[in-house]
Amino acid sequence: MIPRTLLVLACLMANIPTQSSYSSKAPEYDLIIVNGTVIDGSGNPPFSADVGIRSDRIAKIGSLKGATALHKLDARGQVVAPGFIDMLGQSEQFVLIDPRAMSKVMMGVTTEITGEGESIAPLNDRILKEQEDFNRRFNLKVDWRTLAEYFNRLEKQGAGVNLGTFVGATQVREYVIGYDDRPPTTAELEQMRKLVADAMKDGALGVSTSLQYVPARFARTDEIVELAKVARQYGGIYITHQRSEANAIDDSMKEVFEIARRANIPAEIWHFKTAYKKNWGRMPEMLRRIAAARRQGLKITADVYPYVAGSTSLSACLPPWALEGGTDAMIARLKNPTTRERLKKEISTDAKDWENIYLGSSGPSGILIGAVVNRDLETWQGKRLSEIAAAQNKDALDALFDFIIADHGQTGAIFFMMNEDDMKAALKSPFVSICTDSGARATDGPLAGSKSHPRGWGTYPRILGRYVRDEHLMPLELAIHKMTGLPASNVGLKERGLIRTGYFADLTIFNPKTVIDRATFEQPNQYPVGINYVIVNGQIEVDNGQRTPVLAGRVLRGPGYIGRR
């Protein structure tokens, strides 16, 4: 529990008046929200009610006329919702660099789930070598090796959002095998199983994969099933960036269902999509397949972000063999003229055995440079690869290869490869929740120099404003459910995601008439409007649209957690 003195201090820091000095009787509540329209996250219709908060919990929902509080917040004309839950937040490193989690908190996110294949732990020297460019750029001291040690670091430092993570199957493969294309030996698989078990006991929510990428795609289905079985033993779920979101999506979906069935585990598909033009229009079919699997007893869910472009490493344009062995091996191949010619031929040819995201984005005009690590390349952020090639008077693929070399494989890029109608079909599906697939950034501070996908700045206001209010794609209460109660249920978060008496007081208060995103692909670093108050564990982090100094986020540990070891 949070001492009341700390809550008073938080109010003072945010320039919020208190009542404690005017009465000899202690107030009944620390905060009362009055006159708001409550949408409780369950999918049920809105209702009028006051909400009373005591310490970090919701103490009462109903009429609180005459009740006393340290602070009263008038939410007239606004919606009082549970804090939004980002089903794939990618902020595990960013919150150590800038703990405010600005771009997330300012759009109403109070909880992030992360750990996409390559999770924050476990770590060894081999993995740290691959990360050294990023860590050096942001002066990030890595003083943890296990998930428990990372959580301890995060708790000491503080963060603006609650954070829970999966342990990555890719991470444990890199830890044990490295970056080679081969199956594990019996002894190696047992070591991988133990690493997953240790992470689950440290508080991981389950095990994750990112099977489109190297070295994740080197894992066979049997290997993943074995790791998923371990996660299931500790009450976790399986969550995946599936092996194909495009040309091989049929087989990829079958694999998701097979893993869920063989491991007897719930499964979630991260950032669900049917990518590349030749697959546009297939989303309704994929949704029907999930619905059929659910009727057969499998617990399959998914999440989506409301944009027609994805984002990943620029090096994802290369075929898997070019990435084998790690970054240095990849760079060496790109510098070899003979290998370059082979790469040009393969990248220019449509394929089913790997995700050719270059062709799938219609070539260089569909690829936009996002964040770089090499500061000398920052002027190219926000530019299309076609613009860079023209400015450098190069063939587009040569420009691609040279950029990857110059940034040592660290470039984040945006790929325009989806269809709006497919995205909308997924967005309104009853078993699909919401994610950003983007780390928290800010317009100031150490993370301000780079650009990213606008989804990291505007996902939730974009849904509430554009798709709910303006286009009437779904009722407001269903949209809120997809942002709160549904993801909390899918990932197993306890006492979060709903406005219920006794639940943690994570709340987002917004104006349904004005809420909207402002971030664009060319100028993403812009906060939304209409998100007026954000409360994390009972403390106000956004007050009348302005960020306070409060860092009230907490570590969220999974069901296998057994305490400090």
Side-chain angles (χ1 to χ4, degrees), residues 83-116 120 131 133-140 154 157-163 165 271 305-307 309-314 368-375 377-383 407 410-414 434-462 508 517-529 531 534 536 541-542 545-551 553:
F84 303 148
I85 298 171
D86 186 347
M87 272 298 290
L88 181 54
Q90 308 279 26
S91 293
E92 58 267 49
Q93 292 168 307
F94 292 123
V95 291
L96 298 182
I97 298 165
D98 185 347
R100 298 173 298 167
M102 284 292 291
S103 65
K104 298 302 182 70
V105 173
M106 293 297 285
M107 65 170 161
V109 170
T110 60
T111 294
E112 274 204 14
I113 307 303
T114 190
E116 186 190 5
I120 197 69
Q131 299 176 354
D133 291 320
F134 177 90
N135 294 337
R136 187 186 305 114
R137 160 73 190 265
F138 293 105
N139 298 313
L140 177 60
L154 188 58
Q157 180 169 318
V161 293
N162 305 309
L163 188 141
T165 185
H271 45 65
Y305 48 78
Y307 297 86
S311 182
T312 188
S313 171
L314 187 63
L368 185 147
I369 301 300
V372 299
V373 169
N374 183 346
R375 296 180 189 275
L377 301 174
E378 286 185 351
T379 55
W380 298 116
Q381 293 178 148
K383 303 291 185 182
D407 208 24
Q410 301 297 305
T411 308
I414 295 170
I434 309 301
C435 75
T436 67
D437 190 16
S438 189
R441 298 177 184 268
T443 57
D444 65 320
L447 297 171
S450 60
K451 294 184 178 181
S452 58
H453 197 298
R455 63 195 182 188
W457 301 78
T459 285
Y460 297 86
R462 182 177 180 85
T508 294
D517 61 309
R518 297 171 62 229
T520 66
F521 288 106
E522 291 73 23
Q523 298 295 332
N525 297 13
Q526 302 184 74
Y527 302 123
V529 296
I531 304 291
V534 180
V536 182
E541 292 201 8
V542 175
Q546 300 299 311
R547 185 69 165 88
T548 74
V550 173
L551 300 174

Short side-chain to backbone donor-acceptor contact, [X] and [Y], under 3.5 Å:
{"X": "His453", "Y": "Ala309", "result": "yes"}
{"X": "Gln410", "Y": "Asn374", "result": "no"}
{"X": "Lys451", "Y": "Ile369", "result": "no"}
{"X": "Arg547", "Y": "Val550", "result": "yes"}
{"X": "Gln93", "Y": "Gly439", "result": "no"}
{"X": "Tyr307", "Y": "Phe521", "result": "no"}
{"X": "Thr165", "Y": "Thr114", "result": "yes"}
{"X": "Asn525", "Y": "Asp444", "result": "no"}

Between [X] and [Y], which heavy-atom pair has the shortest distance, and what is it?
{"X": "Leu154", "Y": "Ala159", "value": "CD1-CB, 4.1 Å"}
{"X": "Gly456", "Y": "Thr436", "value": "CA-CB, 4.5 Å"}
{"X": "Ser91", "Y": "Glu112", "value": "OG-OE2, 2.8 Å"}
{"X": "Ala519", "Y": "Pro524", "value": "CB-O, 3.1 Å"}
{"X": "Val373", "Y": "Asp133", "value": "CG1-O, 3.6 Å"}
{"X": "Val109", "Y": "Val161", "value": "O-CG1, 3.7 Å"}

So, do [X] and [Y] sit near enough that their side-chain heavy atoms are less than 4.5 Å apart?
{"X": "Gln157", "Y": "Leu96", "result": "yes"}
{"X": "Met106", "Y": "Trp457", "result": "no"}
{"X": "Leu447", "Y": "Phe138", "result": "yes"}
{"X": "Thr459", "Y": "Pro306", "result": "yes"}
{"X": "Ile414", "Y": "Ser311", "result": "yes"}
{"X": "Leu88", "Y": "Glu116", "result": "yes"}
{"X": "Phe84", "Y": "Met107", "result": "no"}
{"X": "Arg518", "Y": "Gln523", "result": "no"}

Suppose we screen for side-chain hydrogen bond (donor to acceptor under 3.5 Å, both in side chains). Which residues come up paired with Asp517, at least two apart in sequence or across chains?
Arg462

Distance from [X] atom [atom1] to [Y] atom [atom2], nearest 0.5 Å?
{"X": "Ser438", "Y": "Asp86", "atom1": "OG", "atom2": "CG", "answer": "8.5 Å"}
{"X": "Lys104", "Y": "Thr111", "atom1": "NZ", "atom2": "OG1", "answer": "11.0 Å"}
{"X": "Leu377", "Y": "Thr411", "atom1": "CG", "atom2": "OG1", "answer": "6.5 Å"}
{"X": "Tyr460", "Y": "Ile531", "atom1": "OH", "atom2": "CD1", "answer": "11.0 Å"}

Using a cut-off of 6.0 Å, state whether more than 12 heavy atoms not belonging to Gln546 lie near its atom CD.
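No - once you tally the heavy atoms of other residues, nucleotides and ligands closer than 6.0 Å, there are 12 at most.
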
Using the salt bridge (charged side-chain N to carboxylate O under 4.0 Å, His left out) rule, collect all pairs that involve residues 89-99, keeping only residues at least two apart or in two chains.
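Output for this query lists Asp98-Arg100.
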
Within 45° cone of Tyr305 ring axis and under 6.0 Å: Arg455 NZ or CZ
yes

